[in-house]
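Worksheet for the structure shown next.
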Protein chains: 2
Amino acid sequence: MQGEDSSGAAELQFSVDRSSPVPLYFQLSQQLEAAIEQGRLAPGSLLGNEIDLAGRLGLSRPTVRQAIQSLVDKGLLVRRRGVGTQVVHSQVKRPLELSSLYDDLEAAGQRPATRVLRNTTEPATAEVAAALGLAEGTDVVLIERLRLAHGEPMAHLCNWLPAGLFTLDSAELEGTGLYRLMRAAGITLHSARQAVGARAATAEEGEELGEPEGAPVLTMERTTFDDTGRAVEFGSHIYRASRYAFEFQLLVRP
Amino acid sequence: MQGEDSSGAAELQFSVDRSSPVPLYFQLSQQLEAAIEQGRLAPGSLLGNEIDLAGRLGLSRPTVRQAIQSLVDKGLLVRRRGVGTQVVHSQVKRPLELSSLYDDLEAAGQRPATRVLRNTTEPATAEVAAALGLAEGTDVVLIERLRLAHGEPMAHLCNWLPAGLFTLDSAELEGTGLYRLMRAAGITLHSARQAVGARAATAEEGEELGEPEGAPVLTMERTTFDDTGRAVEFGSHIYRASRYAFEFQLLVRP
DNA sequence: CCCCGCCGTTTGTCCGGACAACCGAACTTC
DNA sequence: GAAGTTCGGTTGTCCGGACAAACGGCGGGG
């Protein structure tokens with residue numbers, strides 16, 4: 001038995017700034033998250049009861065609970081009635097965000113690059129129209145890109161967006177991901193429907209990706225919606241299975 | 001302009017049972033969710049302000065807020081300060097749960113079946129030991145299964161569990177999924193780390209799945225943790241790409 | 001020695017109120 | 001007519017308190 005494991009955060013110093021416009025519960029949750037991240041709050045250690053914590057910080061219990069709850073939702077803390085709140089043992093990293101491949105590669109230390117093959121406006125095919133909830137033949141923007149890492153092709157990306165949603169500059173697309181541009185344009189992404197599968201590459205696809213014909217490729221189709229429910233993007237992507245796999249963490253809803 | 005779209009849930013009837021052990025906020029959130037599911041609350045319609053809703057139900061505003069917040073977390077509602085709470089327009093289905101293939105197939109109307117090929121205890125290989133956080137050579141349970149739908153092979157599943165975690169009956173495994181059994185045994189699943197990729201099937205794998213050698217297959221590796229942080233399961237799965245794809249919905253964290 | 005119930009601790013739920021921040025629309029002003 | 005301003009309505013944040021429910025350890029009884 002190590003007493004440390006249970007002593008927890010009693011001696012940890014947290015503080016809030018009431019003059020800040022940042023909500024108090026958010027200030028606290030950020031400090032707690034940072035302490036967990038840096039190991040100052042050891043996995044398995046108890047956080048100390050909410051009443052005392054509130055008292056030490058000069059906050060009310062609901063505010064402290066709100067801060068804790070946000071970290072529980074992130075999977076960093078676990079609450080047990082009659083026991084207390086403790087830091088989870090496992091290494092929780094990132095619970096599957098809606099991030100672009102560009103950000104993924106950049107975070108992994110790869111040097112991503114993009115080659116824009118097409119950036120045009122076309123009438124929507126039946127499949128694209130159905131995915132975006134538009135009438136067939138409506139004008140949509142088609143973006144075809146090749147994503148590279150360390151100069152090697154990684155994926156072939158086709159995206160369709162409703163025309164007029166916002167202007168897409170090819171130069172900007174070379175330097176960052178699509179989602180970053182959409183967020184910057186004031187579009188609030190809300191949810192996405194995805195399908196991940198696999199198939200054999202056609203000769204043309206193999207050519208583009210540097211794989212032989214018939215090589216296995218990962219496929220992903222995704223429709224993204226904003227918070228008004230409009231479909232704002234439909235993508236059909238192909239990844240080199242020999243060089244890429246989707247990695248993510250998911251949490252279980254209690 | 002249709003007034004209906006904004007009139008919202010004013011005339012909808014909700015009620016709570018204070019003698020029930022089910023929390024009041026949960027009763028309300030279930031009724032709201034059912035109303036949305038059945039279309040009684042139209043997409044885009046406003047929910048009516050929280051104060052009135054609380055008054056009509058004889059609840060306090062925090063309780064109503066808690067009910068609404070749980071549906072916001074599920075992606076069914078969107079709140080806008082100064083505007084109100086409205087039902088999202090898009091069809092939100094299921095935000096990617098940690099569910100077994102068995103449940104997925106059953107929900108899709110396929111008739112799943114399982115053939116248990118192996119159910120033994122063996123010393124852990126280096127790979128399995130690393131995934132489960134055990135010492136190499138520690139005894140682990142190995143379960144090898146073939147999953148069928150409509151009598152056709154769909155996937156080949158290999159799972160390793162720490163020995164002694166709970167007893168696995170082959171007969172039970174034929175009738176349901178692994179996660180359901182684990183939950184029934186009192187193990188609270190907390191999070192999982194997954195990797196989804198693709199490759200060509202070996203001759204042996206093709207034989208088992210009814211695919212030619214070299215056919216593309218989807219691969220998934222998954223390590224599942226309980227809420228104490230222990231790894232409770234490691235799985236290495238292969239799916240017929242011609243017959244199966246992962247479909248899921250994901251929400252954007254605000 | 002083992003099982004069972006008691007009891008303190010801690011989180012879960014719920015209340016009622018207060019003020020701030022924000023949005024949209026009506027209004028005023030130029 | 002257009003732009004800026006005010007104002008009502010709604011959600012966001014925060015407080016202090018109260019009781020209930022679950023867990024774990026303790027002691028008593030078999």
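Within every chain, numbering begins at 1; the chains are lettered A, B, ... in the order of the sequence lines, protein sequences first and strands thereafter.
- Under the rule for a side-chain contact (heavy atoms from CB on, under 4.5 Å), the partners of B/Asn119 that lie at least two apart in sequence or sit in another chain are B/Val116, B/Val141, B/Ile143, B/Leu168, B/Ser170, B/Leu173.
- The two atoms that bring B/Val232 and B/Ile187 nearest to each other are CG1-CG2, 4.3 Å, heavy atoms only.
- Atom-to-atom, CG of A/Leu24 to C1' of C/dC19 comes out at 13 Å; the value is rounded to the nearest Å.
- A/Glu122 is linked by a salt bridge (Lys or Arg N to Asp or Glu O under 4.0 Å) to A/Arg118, counting only residues two or more places apart in sequence or in another chain.
- Along DNA chain D, the nucleotide nearest A/Thr63 and the nucleotide nearest B/Arg65 are compared for position; the residue whose nucleotide lies closer to the 5' end is B/Arg65.
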Scan nucleotides 23-25 of chain C against the protein and return all N/O pairs shorter than 3.5 Å with their distances rounded to 0.1 Å.
residue, atom, partner, partner atom, Å
C/dC23, O4', B/Arg81, O, 3.3

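- The CG atom of A/Leu46 sits 12 Å away from the C1' atom of C/dT9 (whole-angstrom rounding).
- Qualifying side-chain contact (heavy atoms from CB on, under 4.5 Å) partners for A/Pro62, counting only residues two or more places apart in sequence or in other chains: A/Ser60.
- Every residue two or more places apart in sequence or in another chain that forms a side-chain contact (heavy atoms from CB on, under 4.5 Å) with B/Asp52 is listed here: B/Asn49, B/Arg56.
- Comparing B/Pro21 and A/Phe26 along DNA chain D, the residue whose closest nucleotide (by nearest heavy atom) sits nearer the 5' end is A/Phe26.
- The stretch residues 27-38 of chain B participates, sequence neighbours left out, in these side-chain hydrogen bond (donor to acceptor under 3.5 Å, both in side chains) pairs: B/Glu33-B/Lys74, B/Gln38-B/Arg40.
- As judged by a 4.0 angstrom heavy-atom cut-off over every strand, A/Pro23 is placed among residues touching the sugar-phosphate backbone only.
- You can see that DNA chain D meets the heavy atoms of chain A within a 4.0 Å-exclusive cut from D/dT13 to D/dG24, reading 5' to 3'.
- Listed by chain and residue number, B/Asp227 satisfy the side-chain contact (heavy atoms from CB on, under 4.5 Å) test with B/Thr188 (two or more places apart in sequence, or in another chain).
- In this structure, A/Tyr25 has no ring-ring contact (aromatic ring centres under 6.0 Å, His included) partners at least two apart in sequence or on a different chain.
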